[in-house]
Amino acid sequence: MAAKPWSGRFAKATAKSVEEFTASIDVDKRLYKEDIVQSMAYARALLKAKILSPAECKKTIKGLEEILKGIDSKKITFKKEYEDVHMNIETILISKIGDTGKKLHTGRSRNDQVATDLRMYLKWRAIEIISLITNLQSVIIDLAEANINQIMPGYTHLQRAQPVSFAHYLMAYYEMLERDKGRFTRAHQNADSLPLGSGALAGTFFPIDRKFLAKELGFSKICQNSIDAVSDRDFVLDSAYAASVLMMHLSRLSEELVIFSSFEFDFIEISDDFCTGSSLMPQKKNPDVAELTRGKTGRVYGELMSLLTLLKAQPLAYNRDMQEDKEAIFDALDTVSACLSVYIEMMREIKVNKAVMEKAIKKGFLTATDLVYYLVNKGIPFRDAHHIIGKIVAYCEDSNMELEYISLTELKKFSDKFGYDVQRILSCEASVNAKTVIGGTSPERIKEAVKHARANLLHAQA
Ligand code: ARG
């Protein structure tokens with residue numbers, strides 16, 4: 001077995017149990033591309049610093065290219081005894097190109113190396129997730145556009161509140177997802193600072209051109225303090241937080257899909273290919289995708305908490321504790337992208353049970369608030385109007401009647417301000433149409449919202 005790159009000061013070989021315990025290769029092997037790209041840029045920086053000759057630089061880059069191909073084609077496998085992806089690649093390089101390979105780590109530490117890899121990785125994952133969110137938004141907009149005039153009960157406390165259109169309800173999720181993209185954009189920006197050139201903690205002795213490295217590796221900023229550069233994992237937290245809030249939003253949508261597709265509500269139908277059956281009850285069709293997404297939210301929150309706890313009270317600068325960050329953030333982002341991917345397909349297939357929604361809006365006094373405003377417009381102070389309509393609702397409830405069917409004569413018993421024009425505002429349609437305020441429920445507003453949303457997505461993709 002070849003000696004470890006750091007074995008010089010050790011009299012005894014590492015215990016097998018410690019090798020097992022400290023190795024992170026099974027987790028961080030997925031950083032191999034970032035690690036190799038970083039090393040290629042670093043070799044060029046070493047050439048500029050006259051540490052590598054042009055021939056040595058060429059040889060190093062060629063060696064790294066071959067390693068990349070070897071890993072891609074699964075011809076190269078990693079070994080636990082080399083702990084992590086960085087030492088595995090360096091060891092393979094040395095075995096391939098000999099002594100020249102031993103120069104690559106000059107002035108670099110695994111501490112600035114891993115921070116650089118992880119930032120590179122999280123940057124592209126943020127872009128990938130933003131594009132998945134955009135796809136989900138686009139499916140949501142399609143569904144909204146097809147349901148501009150589809151009225152349903154709007155809820156607060158899961159009690160029927162006021163009528164809204166299904167489109168308006170769906171567009172609420174468009175808005176949430178838009179803010180999620182903002183959070184991933186900020187996570188991307190915060191990861192976009194180059195640690196490389198910070199060494200183990202104290203910077204590097206050699207004339208490494210960090211501006212050159214930043215440009216080569218696509219970083220728009222450079223970490224300004226070498227201690228901070230190797231200790232900072234805020235950018236990991238930013239991704240984990242963005243992932244958590246996104247999952248919170250998806251969990252709310254999931255909860256509603258579960259409720260709305262239940263026999264009791266029956267507002268929507270989730271397509272067969274996105275449901276599963278029961279091994280025991282032959283009639284069952286379960287909304288497992290929505291339920292699992294709701295469940296996986298807990299897992300992503302857990303990862304955010306793990307990361308916060310992991311970083312708490314760590315003395316500066318690098319500590320091995322930090323190695324634990326990758327498993328948590330990888331799993332959080334994998335979970336998010338799996339949920340988004342399946343949601344994009346599932347939402348495309350959602351069927352709306354129009355008749356059931358139409359029947360549902362007939363019950364629950366959804367236009368009671370409109371009646372309050374009717375009286376307000378007739379000069380009755382809001383609080384008094386509220387009280388009067390409360391009495392009317394109680395009366396209707398006692399007589400098992402919906403507001404729509406109450407006669408003018410009966411209404412007049414509660415207030416002499418009621419006139420013939422009241423009939424016009426008793427329907428859910430009128431109620432929805434009346435909210436022409438910005439952000440309101442009227443079909444014109446929703447059409448506008450859909451149009452803006454589409455333009456926004458096109459703009460974002462351009
Ligand atoms: N694999 C480690 C990590 O992921 C990097 C190694 C730093 N090790 C060290 N002994 N300084 O954080």
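Remember, it's 1-based here, ligands and their atoms both numbered in the order they're listed.
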List ligand 1 atoms under 4.0 Å from Ser24, heavy atoms only on the residue side.
1 (N)
Any atoms of ligand 1 less than 4.0 Å from a non-hydrogen atom of Asp84? List them with their elements.
1 (N), 2 (C), 5 (C), 6 (C)
For [atom], what's the nearest protein heavy atom and its distance?
| atom | value |
| --- | --- |
| atom 10 (N) of ligand 1 | Arg110 NH2, 3.5 Å |
| atom 5 (C) of ligand 1 | Tyr318 OH, 3.5 Å |
| atom 11 (N) of ligand 1 | Asn111 OD1, 2.9 Å |

Please work out whether any backbone atom (N, CA, C, O) or any side-chain heavy atom from C-beta onward of Lys326 is under 4.0 Å from ligand 1, and answer side chain, backbone, both or neither.
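Within the 4.0 Å criterion, Lys326 contacts ligand 1 through side-chain atoms alone.
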Do [X] and [Y] have a side chain donor and acceptor closer than 3.5 Å?
| X | Y | value |
| --- | --- | --- |
| Asp28 | Tyr121 | no |
| Gln113 | Asp35 | yes |
| Thr106 | Lys102 | no |
| Asn433 | Glu444 | no |

Regarding ligand 1, does [X] bring an N or O atom to under 3.5 Å of one of the ligand's N or O atoms?
| X | value |
| --- | --- |
| Arg320 | no |
| His86 | no |
| Arg233 | no |

Pairing residues for Glu145 by the salt bridge (charged side-chain N to carboxylate O under 4.0 Å, His left out) criterion, not counting sequence neighbours
Arg454
Which pairs pass salt bridge (Lys or Arg N to Asp or Glu O under 4.0 Å) with one or both residues in residues 197-211, sequence neighbours excluded?
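Only Lys48-Asp209 qualify under salt bridge (Lys or Arg N to Asp or Glu O under 4.0 Å).
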